[in-house]
Number of protein chains: 2
Amino acid sequence: MQEKYCSWEEKLKSSGGRLTTPRKIIFYILSSTPKHLSAEDIYFIIHKKNPKVGLTTIYRTLDVLVKIGFLNKFDFGDGHSRYELIEAPNKQHHHHLICRKCSKILDYTDFIEEEIKLVKATEKALSRKYKFEIKDHVFQFYGVCDKCKK
Amino acid sequence: MQEKYCSWEEKLKSSGGRLTTPRKIIFYILSSTPKHLSAEDIYFIIHKKNPKVGLTTIYRTLDVLVKIGFLNKFDFGDGHSRYELIEAPNKQHHHHLICRKCSKILDYTDFIEEEIKLVKATEKALSRKYKFEIKDHVFQFYGVCDKCKK
DNA sequence: CTAGTATTGATAATGATTATCAATAACACT
DNA sequence: AGTGTTATTGATAATCATTATCAATACTAG
């Protein structure tokens, strides 16, 4: 049961969705930044060139992308959900360091090896012991960044 | 610089707060359940015996307890913040398994040894490399629980 | 080109959490 | 115990991210 890798366009269509202009723009915006954008962030970016696109559409498109598995939704505790395209095969798995003062988010890829090992083992054991089918996990570190310490 | 262990009452007072009836009730409710209550959960529990206590007071008291370091605030993605008293010295450090379907939350204490080791190492390295002063972390597993699989 | 239907966008609604503010109640001090 | 100061309370309204509604639009298969 090998799943074929396919583009988000293919996946979208094969799930009965339509490839619309707003969706293309939103995906493009997400794919051209390393930042963790919120719906509102995207709204403001879009609005400059395409003032017709509404905030509702942004929320709906983000939902769709999450649902077809191309987007991760995060809650970093600042009152906005934030989104990040799921790593392509050549992108690195990473986690987040979040500053409690300025909400800056830092990706880190250190210790991922060890972490993956631990996660795999934990998942396996927890699945068996608690009959939980684990789908994904969230690891986040909170603290105070360099600038905010001063 | 050893901090003295003290009760929440002491800590509250030493920070200029007052020990009021609603606060005592709310702390009692939190301390007598292993569940992860939301503000509304607490409101309904209180309301049976003390219908005078308002929801606003619940939110404020929870904030206070978080601020003086006796309560943890969690976001499990179901739209309510949830709270859990921070483990007393004899309680176990643990993390959470969250069911995406029924929102059931399971505490687990397995693999905590290994995890602590990894976390310590990660914190140390990340602090040095990114100049982030790490205060705490969130580890959560999401999946589908036994009941919801059927 | 056209019909069928997914999608859009403007608007209103929802729902958790916060702000406001006069009334109340802790508590330090007599 | 009584009192004055001031933190706290509770009823209410406000905020703000996210959702629901629904008529108009625009993909896409045929």
Side-chain angles (χ1 to χ4, degrees), chain A residues 7-29 36-68 71-83 103, chain B residues 7-29 36-68 71-83 103:
Chain A
S7 66
W8 72 279
E9 288 103 327
E10 288 172 310
K11 189 92 180 216
L12 181 69
K13 289 205 160 188
S14 74
S15 69
R18 290 178 182 176
L19 193 55
T20 66
T21 307
R23 288 180 177 175
K24 281 188 256 183
I25 299 174
I26 292 166
F27 189 93
Y28 175 73
I29 289 173
H36 308 78
L37 301 177
S38 67
E40 217 183 16
D41 291 338
I42 296 173
Y43 180 66
F44 283 126
I45 295 171
I46 281 197
H47 206 263
K48 287 181 217 154
K49 297 211 159 191
N50 303 75
K52 284 274 201 72
V53 178
L55 187 53
T56 314
T57 299
I58 317 247
Y59 277 107
R60 280 186 297 223
T61 300
L62 293 170
D63 272 359
V64 168
L65 290 174
V66 169
K67 217 163 270 165
I68 65 174
L71 192 64
N72 265 333
K73 183 178 183 175
F74 289 101
D75 184 328
F76 295 132
D78 65 343
H80 307 253
S81 291
R82 297 185 169 277
Y83 299 84
S103 293
Chain B
S7 66
W8 71 278
E9 289 101 327
E10 289 172 309
K11 189 88 182 220
L12 180 69
K13 288 205 162 189
S14 75
S15 70
R18 289 175 183 179
L19 194 55
T20 67
T21 308
R23 287 180 177 175
K24 280 188 257 183
I25 300 174
I26 292 167
F27 191 91
Y28 176 72
I29 290 174
H36 307 79
L37 300 176
S38 67
E40 216 182 16
D41 291 338
I42 296 172
Y43 180 67
F44 283 127
I45 295 171
I46 282 197
H47 206 263
K48 288 180 217 155
K49 298 211 159 191
N50 304 73
K52 284 274 201 72
V53 178
L55 187 53
T56 313
T57 300
I58 317 248
Y59 276 108
R60 279 185 296 222
T61 301
L62 292 172
D63 271 0
V64 169
L65 290 174
V66 168
K67 217 162 272 166
I68 65 174
L71 192 63
N72 264 333
K73 182 177 184 178
F74 289 102
D75 184 328
F76 295 133
D78 65 343
H80 307 253
S81 291
R82 297 185 168 278
Y83 299 83
S103 292

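Keep in mind that what you see is a predicted model, and the values were worked out from it rather than measured. A note on names: the letters A, B, ... follow the listed sequences, proteins ahead of strands, and every chain is numbered from 1.
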Asker: Ignoring backbone atoms, establish whether B:Lys13 has a side-chain N or O less than 4.0 Å from OP1 or OP2 of C:dC27.
Answerer: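 Checking C:dC27 against B:Lys13, a side-chain N or O does come within under 4.0 Å of OP1 or OP2.
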Asker: Does B:Thr21 reach a base, just sugar-phosphate, or nothing at all? Heavy atoms under 4.0 Å.
Answerer: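 Sugar-phosphate: the residue B:Thr21, judged by heavy atoms under 4.0 Å, touches backbone atoms but no base.
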Asker: Take the protein atom CG of A:Asp41 and the nucleotide atom P of D:dA17, then report the distance between them rounded to whole Å.
Answerer: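 It works out to 11 Å between those atoms.
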Asker: Figure out the OH/P separation between A:Tyr59 and C:dA10, and round it to whole Å.
Answerer: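 Atom-to-atom, A:Tyr59 to C:dA10, this comes out as 16 Å.
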Asker: Would you tabulate the pairs of protein nitrogen or oxygen atoms and nucleotide nitrogen or oxygen atoms of nucleotides 22-25 of chain D closer than 3.5 angstrom?
Answerer:
none

Asker: List the protein contact pattern of nucleotides 1-6 of chain C with one symbol per nucleotide (5' to 3'): B for base contact, S for sugar-phosphate-only contact, - for none; contact means a heavy-atom distance under 4.0 Å.
Answerer: ---BBB
Asker: How do B:Thr20 and B:Leu55 order along DNA chain C: which one's closest nucleotide is nearer the 5' end?
Answerer: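 Its nucleotide being nearer the 5' end, the pick is B:Leu55.
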Asker: Just to be sure I understand the rule, does B:Ser81 reach a base, reach only the sugar-phosphate, or reach nothing, if contact means heavy atoms closer than 4.0 Å?
Answerer: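 Sugar-phosphate contact only.
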Asker: With sequence neighbours excluded, what pairs up with B:Phe76 under the ring-ring contact (aromatic ring centres under 6.0 Å, His included) test?
Answerer: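 Once residues adjacent in sequence are excluded, the partners of B:Phe76 under the ring-ring contact (aromatic ring centres under 6.0 Å, His included) criterion are B:His36, B:Phe74, B:His96.
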Asker: Please report the C-alpha distance between B:Val66 and B:Tyr83 in whole Å, then the side-chain angles of each, then the deciding distance to 0.1 Å, and finally whether the side-chain contact (heavy atoms from CB on, under 4.5 Å) criterion is met.
Answerer: CA-CA 9 Å; B:Val66 168; B:Tyr83 299 83; 4.1 Å; yes
Asker: What heavy-atom pair brings B:Ile68 and B:Ser15 nearest, and what distance separates the two atoms?
Answerer: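 Nearest heavy atoms, B:Ile68 then B:Ser15: CG2-OG, 4.0 Å.
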Asker: If I take atom CZ from residue A:Arg82 and atom CG from residue A:Leu37, how far apart are they, to the nearest 0.5 angstrom?
Answerer: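 Answer rounded to 0.5 Å: 7.5 Å.
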Asker: Is there side-chain contact between A:Leu62 and A:Ile42, with at least one heavy-atom pair below 4.5 Å?
Answerer: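 Heavy-atom side-chain distance check passes, below 4.5 Å.
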Asker: Would you kindly give the NZ-to-P distance between A:Lys24 and C:dT7, to the nearest whole Å?
Answerer: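 Rounded to whole Å, this separation is 14 Å.
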Asker: Write down the distance between CG (A:Leu19) and P (C:dT7), rounded to a whole number of angstrom.
Answerer: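 A:Leu19 atom CG is separated from C:dT7 atom P by 11 Å.
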Asker: Rounded to whole Å, how long is the line connecting atom CG of A:Leu37 with atom P of D:dA17?
Answerer: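 Value for this atom pair: 15 Å.
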Asker: Roughly how many Å is it from CD in A:Glu9 to C1' in D:dC27, rounded to a whole number?
Answerer: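 So the two atoms are 15 Å apart, to the nearest Å.
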Asker: In whole angstrom, give the distance that lies between atom CG of B:Asp75 and atom P of D:dT18.
Answerer: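 Checked: the CG to P distance equals 11 Å.
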Asker: Counting C-beta onward and ignoring hydrogens, is there a side-chain heavy-atom pair between B:Ile46 and B:Tyr28 closer than 4.5 Å?
Answerer: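 Sidechains of B:Tyr28 and B:Ile46: no contact.
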Asker: Taking CG from B:Asn50 and P from C:dA25, how many angstroms apart are they, rounded to a whole number?
Answerer: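 Whole-Å distance recorded here is 14 Å.
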Asker: Given C:dT18, is OP1 or OP2 found less than 4.0 Å from the side-chain N or O atoms of B:Thr56?
Answerer: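 Result: no.
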Asker: If the cut-off is 4.0 Å, is A:Thr57 near the phosphate of C:dG9, judged by side-chain N/O to OP1 or OP2?
Answerer: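 The answer is yes; a side-chain N or O of A:Thr57 sits under 4.0 Å from OP1 or OP2.
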Asker: Under 3.5 Å, is there a donor-acceptor pair between the side chain of B:Asp41 and the main chain of B:Ser38?
Answerer: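 Checking the backbone N and O of B:Ser38 against the side chain of B:Asp41, a donor-acceptor pair under 3.5 Å is found.
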Asker: Is the shortest heavy-atom distance from the side chain of A:Tyr59 to the side chain of A:Asp63 under 4.5 Å?
Answerer: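 Contact flag for A:Tyr59/A:Asp63 side chains = no.
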Asker: Between A:Arg23 and A:Ile26, is there a side-chain heavy-atom distance shorter than 4.5 Å?
Answerer: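 No. Closest side-chain heavy atoms not under 4.5 Å.
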